[in-house]
Amino acid sequence: MATKAPDLGDSCVLFKTFGKCIYGATCRFAGSHFGEDFKNIIDTDLQKQWEGKAVVKNGLSKELQQQLRKKKFPFDKSQEYLRHLSKTSRTTGSGSKASVKETRMPNLWKPPFSENLQALWSGRHLWRDGCVYEFASGTVGGGCALMTRANKFEQIVRGMNYIRTGVQEKTNLAHKIIPSLREWGAALVTLHGRSREQRYTKVADWEYIAECAKIASPMPLFEQFACKWFSFRPRIEPWIFTEIKERRHWDISSSERFEILKDYTNYGLEHWGSDTQGVEKTRKFLLEWLSFLCRYIPAGLLERLPQRINERPPYYMGRDYMETLMASQNVGDWIKISEMLLGPVPTNFTFLPKHKANSYK
């Protein structure tokens, strides 16, 4: 015990929630469940409440993980489905007439599978015309680059329903390609009102979307970003669904936001553990989230509502210290918030967000 790292806090969420901390002496909050002679205390009454209950509902068993890692899992149903599709170059019905051979990414199915796994996981993005990623658009000619490759576009369009306004910011192409999409048999098109170069930083061109909708008629055309908005906005404003349900703008306080972070941290410790490895894994995910949350502007400080997702505010002072700290885009301040929840970071700790957000010092 003399070599044990000091505790990070005086309350272990695992012991408090489940009646027992399985990490024992390695728990970074062990003092809250250590008795005499450093024995691990167990709350039997609380532990019984969890008997027969699954804490994690979407986990993979160790056996299944090993089968997947060693490539021994039988994907019989998937293989049969792929064989069926590959035999049929064109299927009828619901406007979908694409073949597997035409649409799959080159080389992703070739061994070694593990080396291509990351690209495979990303594959659902690559053949959408709306994709802005360099690998899809530049390297393999997928994504938005398909708008300049009409023949290839025709081959796969029947299995695709999402386009952008074009590739360059000031050169719209959608209105030119939409009549062809209709002739090629597309049942419906969703249009993102920004070009590839605009990504998500510019305002959608709603007038151009309306123009394209008239050109597409009688084929339905939907604006796509409204759906994608729900995948981005909760990263910045996770209480957005409460606002929608209650039909109001919530001027949430910094203390209420901090409670959300506390819940998130506790869930992380429950999932990854309360030992050093689990704590730092939780910290990593918390910091990634804070790199998005700092973009939120409290409703009570806005000159007009609502805040647009592409708007970046100037540096401002919040209504209290915590609100100002949460608005900071300095990675050091994100780390400071993590220390309020998970204790001091390890020596020589560094953090760089995955999405490479600008962080001043």
query: Is a side-chain donor-acceptor pair under 3.5 Å present for Ser253 with Glu256?
result: yes

Considering all heavy atoms, the nearest Thr324-Gly318 contact: OG1-N, 2.7 Å

query: Can you tell me how far the CG atom of Asp43 sits from the CD atom of Gln47, to the nearest 0.5 Å?
result: 8.5 Å

- prompt: Do Ile209 and Leu221 have side chains that get closer than 4.5 Å, going by heavy atoms?
  reply: yes

- request: Could you check Ile41 against Phe34 for side chain to side chain contact (heavy atoms under 4.5 Å, CB included), going step by step and ending with a plain yes or no?
  value: CA-CA 6 Å; Ile41 298 173; Phe34 266 7; 5.9 Å; no

Side chain to side chain, Trp289 and Leu261, heavy atoms closer than 4.5 Å: yes

- prompt: Within the side chain of Ser217, is there an N or O that forms a donor-acceptor pair under 3.5 Å with the backbone of Lys214?
  reply: no

query: Is there side-chain contact between Gln67 and Leu64, with at least one heavy-atom pair below 4.5 Å?
result: yes

field: Heavy-atom pair with the smallest gap, counting every atom of Tyr316 and Tyr296
entry: OH-O, 3.3 Å

field: Shortest non-hydrogen separation from Leu293 to Ile236 and the atoms involved
entry: CD2-O, 3.5 Å

query: Going by distance alone, is a donor N or O of one side chain under 3.5 Å from an acceptor N or O of the other, for Ser254 and Asp320?
result: yes

field: Minimum-distance pair of heavy atoms, taken over all atoms of Cys12 and Cys27
entry: SG-SG, 3.7 Å

field: From Met326 atom CE to Asp333 atom CG, the distance as rounded to the nearest 0.5 Å
entry: 12.0 Å

- line: Closest non-hydrogen atoms of Val331 and Phe351, given as atom of the first, atom of the second and distance, are CG2-CD2, 3.5 Å

message: A side-chain contact here means heavy atoms from C-beta on lying under 4.5 Å apart; do Ile335 and Leu287 qualify?
response: yes

query: So do Met322 and Met340 actually touch side chain to side chain, heavy atoms under 4.5 Å?
result: yes

Distance-only criterion, 3.5 Å: show the donor-acceptor pairs between side-chain atoms of residues 267-277 and protein atoms not counting sequence neighbours.
residue: Asp275; atom: OD1; partner: Gly278; partner atom: N; Å: 3.0
residue: Thr276; atom: OG1; partner: Arg28; partner atom: NH1; Å: 3.2

message: Tell me the closest heavy-atom pair linking Lys262 and Leu341, and the distance in Å.
response: CA-CD2, 3.8 Å

- prompt: Would Leu191 end up clustered with Trp206 when hydrophobic side chains under 4.5 Å apart are linked, directly or stepwise?
  reply: yes

- prompt: Side chains of Leu14 and Lys20: closer than 4.5 Å at any heavy-atom pair?
  reply: no

task: Using a strict 4.0 Å threshold on nitrogen-to-oxygen distance, state whether Arg319 and Asp251 make a salt bridge.
output: yes

Heavy-atom side-chain contact between Asn266 and Lys16 under 4.5 Å: no

message: What I'd like to find out is whether the side chain of Pro298 reaches to under 4.5 Å of the side chain of Ile252, using heavy atoms alone.
response: no

message: Go through it in stages, so that I can follow the logic: the residues are Phe29 and Leu8, the test is side chain to side chain contact (heavy atoms under 4.5 Å, CB included), and I'd like the CA-CA distance, side-chain angles, deciding distance and then a yes or no.
response: CA-CA 6 Å; Phe29 310 88; Leu8 298 173; 3.9 Å; yes

task: Run the numbers on Ser32 and Asp10 for side chain to side chain contact (heavy atoms under 4.5 Å, CB included), then give the verdict.
output: CA-CA 6 Å; Ser32 62; Asp10 56 5; 5.8 Å; no

message: In this structure, would Met317 and Trp334 fall into the same cluster of hydrophobic residues linked by side-chain contacts under 4.5 Å?
response: no

message: Test of understanding: clusters of I, L, V, M, F, W, Y form through side-chain heavy atoms closer than 4.5 Å, transitively. Do Leu302 and Ile240 belong to the same one?
response: no

field: Which residues share a ring-ring contact (aromatic ring centres under 6.0 Å, His included) with His175, sequence neighbours left out
entry: Tyr208

message: Treating Glu243 as the side-chain partner and Trp250 as the backbone partner, does any N or O pair qualify as donor plus acceptor under 3.5 Å?
response: yes

- prompt: Between OG1 of Thr265 and CG of Asp263, what distance do you get to the nearest 0.5 Å?
  reply: 8.5 Å

message: Is there a salt bridge (charged side-chain N to carboxylate O under 4.0 Å, His left out) between Glu280 and Arg283? Walk through the geometry before answering.
response: CA-CA 5 Å; Glu280 294 313 312; Arg283 191 190 306 275; 2.9 Å; yes

